[in-house]
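Contents: one structure, followed by commentary.
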Amino acid sequence: MTTVLVVDGANVVGSRPDGWWKDRAGAARRLHERLLVADVPQDEVVLVLEGAAKGGVRAGRDAHVRTVHAKGVGDDTIVAEARAAAQRGSRVTVVTADRMLQARVQGVGALAVGPSWLLDLTD
């Protein structure tokens, strides 16, 4: 069974007060770089970016990380990615601290974990 990790880029970046709000694109790029070298247990990582953060990483695949630019609300894109992966038979984990989003992705069959879980793996 394939395992997929869907990352709420805005939520993960926003979980640490490191000045990310001054350079959202740069913060997204740094997260992407960390995901490329992180030892995550999933086969595929999907990084969902929205707003100004999209300027930091082009949409598409780099190794095991696929970056998706949300066309509208990032949460809707995250749910759609989780649903599609679950429907393909993958085991899906979504990284977000947003309780409403956690409930939505659990409703499509994904496990939800907080940003600290991912940040502990990428530090």
Side-chain angles (χ1 to χ4, degrees):
M1 174 183 290
T2 302
T3 56
V4 178
L5 182 68
V6 180
V7 179
D8 179 349
N11 194 270
V12 171
V13 165
S15 69
R16 286 192 174 164
D18 62 0
W20 59 265
W21 53 90
K22 298 175 191 169
D23 180 13
R24 293 173 194 264
R29 186 175 49 257
R30 288 187 298 277
L31 175 58
H32 180 261
E33 290 167 356
R34 290 170 70 183
L35 291 171
L36 284 172
V37 299
D39 187 19
V40 296
Q42 286 78 12
D43 301 311
E44 179 185 2
V45 177
V46 179
L47 173 60
V48 177
L49 300 176
E50 61 186 345
K54 294 188 289 189
V57 184
R58 65 175 175 75
R61 182 176 297 282
D62 291 308
H64 65 286
V65 178
R66 182 169 54 90
T67 301
V68 175
H69 288 175
K71 288 181 178 64
V73 179
D75 290 5
D76 293 342
T77 302
I78 291 162
V79 172
E81 289 291 328
R83 178 183 293 115
Q87 287 175 343
R88 289 191 306 270
S90 297
R91 188 172 39 219
V92 184
T93 302
V94 175
V95 181
T96 186
D98 181 321
R99 300 248 185 239
M100 297 276 290
L101 180 55
Q102 286 180 347
R104 288 179 66 192
V105 300
Q106 288 168 345
V108 299
L111 172 69
V113 297
S116 61
W117 176 89
L118 178 62
L119 294 171
D120 287 347
L121 291 175
T122 63
D123 279 343

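Residues G114 and V95 come closest through the heavy atom pair O-CG1, 3.8 Å. Between L121 and D39, the closest heavy-atom pair is CD2-O, 4.2 Å. The two residues G9 and L47 have their closest heavy-atom pair at CA-CD1, 3.8 Å.
In this structure, E50 contributes its side chain and G74 its backbone to a donor-acceptor pair below 3.5 Å. At distances below 3.5 Å, at least one donor-acceptor pair connects side-chain atoms of D43 with backbone N or O atoms of T3. Here the side chain of H69 pairs no donor or acceptor atom with the backbone of G55 at under 3.5 angstrom.
Within the structure, side-chain hydrogen bond (donor to acceptor under 3.5 Å, both in side chains) contacts touching residues 101-118 (residues at least two apart or in different chains) are D76-R104.
The cluster map of Ile, Leu, Val, Met, Phe, Trp and Tyr, joined by side-chain heavy atoms under 4.5 Å apart, puts V7 and V65 in the same cluster. In terms of hydrophobic clustering, with Ile, Leu, Val, Met, Phe, Trp and Tyr side chains grouped at heavy-atom distances under 4.5 Å, L49 and L5 are assigned to a common cluster. When the side chains of ILVMFWY residues are joined at heavy-atom separations under 4.5 Å, either directly or via intervening members, L36 and V48 end up in two distinct hydrophobic clusters. Clustering ILVMFWY residues whenever any of their side-chain heavy atoms sit less than 4.5 angstrom apart, transitively, puts V4 in a cluster other than the one holding V40. W20 and V12 fall within a single hydrophobic cluster, where Ile, Leu, Val, Met, Phe, Trp and Tyr side chains are chained together by heavy-atom contacts under 4.5 Å.
Within a 6.0 Å radius of CZ in R99, no more than 12 heavy atoms belonging to other residues, nucleotides or ligands are found.
Residues R34 and L119 meet the side-chain proximity criterion, which asks for heavy atoms closer than 4.5 Å. Contact annotation: the side chain of L101 never approaches that of N11 to less than 4.5 Å [non-hydrogen atoms, C-beta and beyond].
Atom CD of E44 is separated from atom CZ of R61 by 4.5 Å, given to the nearest 0.5 angstrom.
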Going by atom type alone, with no hydrogens or angles, which donor-acceptor pairs under 3.5 Å involve a side-chain atom of residues 23-33 and a protein atom two or more places apart or on another chain?
{"from": "D23", "atom 1": "OD1", "to": "G26", "atom 2": "N", "distance (Å)": "2.9"}
{"from": "R30", "atom 1": "NH1", "to": "G26", "atom 2": "O", "distance (Å)": "3.3"}
{"from": "H32", "atom 1": "NE2", "to": "D62", "atom 2": "OD2", "distance (Å)": "3.2"}

| said: Before you tell me yes or no, could you show the steps for V92 and V108 under side-chain contact (heavy atoms from CB on, under 4.5 Å), namely the whole-Å CA-CA distance, both residues' side-chain angles and the distance that decides it to 0.1 Å? | reply: CA-CA 10 Å; V92 184; V108 299; over 6 Å; no
| Under the side-chain contact (heavy atoms from CB on, under 4.5 Å) criterion, do V94 and I78 qualify, and how do the steps go? | CA-CA 8 Å; V94 175; I78 291 162; 3.7 Å; yes
| task | Please lay out, stage by stage, how T2 and R88 fare under the test side-chain contact (heavy atoms from CB on, under 4.5 Å). | result | CA-CA 9 Å; T2 302; R88 289 191 306 270; over 6 Å; no
